[in-house]
Amino acid sequence: MPEPVSVSNEAIATAAGLLRDGHCVAFPTETVYGLGADATNPDAVAAIYEAKGRPHFNPLIIHVATIEAARKLVQFSETAELLAQFFWPGALTLVLPRKDDCPVCLLAGAGLDSLAVRIPAPETARALLTAAGVPIAAPSANPSGAVSPTTASHVAEGLGEKVAMILDDGPCATGIESTIIDLTGPTPTILRPGGVTAEGIEAVIGKITDATGHSSDDAPRAPGQLSSHYATTIPLRMEVTMPEASEALLAFGPDLPETNGPALNLSPTGDLREAAANLFAMMRALDQSGCSAIAVMPIPDHGLGHAINDRLRRASHR
Ligand code: TXA
Ligand code: MG
């Protein structure tokens with residue numbers, strides 16, 4: 001089990017180097033410890049889902065050090081500017097439309113056109129983000145289904161060898177996750193209650209909708225359903241061994257069926273992490289191929305394959 005490393009300038013430099021090299025690093029925020037990886041690197045983001053053992057590819061929160069860095073990723077509205085000015089750095093996550101040239105990989109946002117961003121409060125977290133120089137995707141640093149960690153030793157107990165390094169800056173001050181507010185619709189909507197209260201937000205921007213039914217716990221009412229999932233515009237067929245002539249092929253592994261249409265291979269060697277890293281970009285590319293449907297080859301239903309099949313199934317049920 002990796003020993004947590006106390007925060008220092010050297011420890012931050014080491015952690016930033018690991019992040020830039022595509023490794024997962026657990027780091028403290030004011031809410032809970034996050035399991036961070038370079039959000040622009042789909043392979044590194046796939047490693048987050050693998051380490052957590054998440055059965056679904058939920059979109060992740062993207063962490064940045066400054067509002068200028070956030071503006072490179074998403075389109076700010078007037079409301080977003082107000083909230084950012086008032087609550088950042090802090091426990092408020094804004095869901096905003098992705099910019100066209102947003103460098104965050106599609107896997108980190110689960111293929112959606114929106115992205116969740118926030119600036120964490122602790123200076124150490126922001127120093128790490130600045131040193132890393134890339135936006136960092138970070139869900140809570142616990143195995144899927146377990147409670148969020150608020151100390152470095154919780155992280156070590158839960159994830160152990162699955163993280164390259166655990167930065168220790170003592171217990172988290174807030175202890176519950178950030179409040180998530182969706183600003184992509186006509187009315188700002190709270191998707192998850194958290195460290196910043198609805199009353200506090202209303203004091204700044206006026207009336208908001210609470211999609212969580214004014215609950216005070218930190219879990220979404222219907223996990224995976226509050227945030228809509230990415231769906232292709234053409235139908236998608238799963239477990240296909242023989243694609244039809246009019247179909248585009250989403251392949252997996254070395255043994256490919258005969259096909260004349262466009263084909264993309266999630267992983268020619270059958271590597272599930274590589275497949276996860278390619279999933280959303282390839283779904284989008286084949287969706288625009290002009291074919292009648294996307295035929296998907298069978299993908300093993302274990303490890304990351306389970307999450308891959310879950311997303312494909314959701315995209316196929318229209
Ligand atoms: O306090 C926190 O927010 C912590 C620390 C590490 O920053 N992070 C955290 O991340 O709680 P996570 O991955 O456990 O929760 C992310 C939540 C998910 O429930 C997801 O549905 C929602 O954010 N989310 C992310 N992107 C979204 C989007 N584009 N639209 C709607 N919901 C989104
Ligand atoms: Mg979590």
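Both ligands and their constituent atoms are indexed starting at 1 by order of listing.
Note on residues 266-277: pairs passing side-chain hydrogen bond (donor to acceptor under 3.5 Å, both in side chains), not counting sequence neighbours, are E50-R273, S267-T269, S267-E274. Within the structure, salt bridge (charged side-chain N to carboxylate O under 4.0 Å, His left out) pairs that include any residue of residues 10-37 comprise E30-R118 (at least two apart or interchain).
Heavy-atom distances between G109 and ligand 1 stay at or above 4.0 Å for every pair. Residue V95 places a heavy atom less than 4.0 Å from ligand 1. Residue contact annotation: R54 has a non-hydrogen atom under 4.0 Å from ligand 1. Put simply, no part of N58 is less than 4.0 Å from ligand 1, judged by heavy atoms.
Heavy-atom minimum distance, P235 versus S292: CD-O, 3.3 Å. The shortest heavy-atom contact between A137 and I48 is O-CD1, 3.5 Å. Pairing each heavy atom of K99 with each of K72, the nearest pair is CD-O, 3.8 Å.
No side-chain N or O of T31 forms a donor-acceptor pair with one of S178 less than 3.5 Å apart. A donor-acceptor contact closer than 3.5 angstrom links the side chains of D287 and T233.
Taking all heavy atoms of P59, A91, A137 into account, the minimum distance to atom 24 (N) of ligand 1 is reached by P59. Counting only non-hydrogen atoms, the option in I176, I180, T184 that gets closest to atom 22 (C) of ligand 1 is I180.
If you chain together hydrophobic residues whose side chains sit under 4.5 Å apart, I67 and I201 fall into the same group.
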Atom pairs and distances, donor-acceptor, side-chain atoms in residues 80-92, under 3.5 Å, two or more places apart:
from : atom 1 : to  : atom 2 : distance (Å)
E81  : OE1    : R71 : NH2    : 2.9
E81  : OE2    : R71 : NE     : 3.2
E81  : OE2    : R71 : NH2    : 3.2
W88  : NE1    : L92 : O      : 2.8

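For E202, the CD atom is densely surrounded, since the number of other residues' heavy atoms within 6.0 Å is greater than 12. No more than 12 heavy atoms of other residues, nucleotides or ligands shown are found within 6.0 angstrom of CD on E258.
For ligand 1, none of its N or O atoms has an N or O atom of Y33 under 3.5 Å away.
When non-hydrogen atoms are compared, ligand 1 lies under 4.0 Å from the backbone of A138 (N, CA, C, O) but not from its side chain.
Protein contacts to the Mg ion (ligand 2) involving N, O or S atoms at a distance below 2.8 Å are S140 OG.
Look at R126 and D169 and you find no salt bridge, because none of the NZ, NE, NH1 or NH2 atoms lies under 4.0 Å from a carboxylate O.
With ligand atoms numbered from 1 in the order given, ligand 1 contributes 1 (O), 2 (C), 3 (O) to contacts under 4.0 Å with heavy atoms of S178. Every atom of ligand 1 is numbered from 1 in the order shown, and the set under 4.0 Å from a heavy atom of S114 is 28 (C), 29 (N), 30 (N). Counting atoms of ligand 1 from 1 in the listed order, those under 4.0 Å from a heavy atom of I61 are 3 (O), 8 (N), 9 (C), 10 (O), 16 (C), 23 (O). In summary, the atoms of ligand 1 found under 4.0 Å from a heavy atom of H63, numbered by their order in the structure, are 5 (C), 6 (C), 7 (O). Residue contact check: L191 has heavy atoms under 4.0 Å from atoms 31 (C), 32 (N) of ligand 1.
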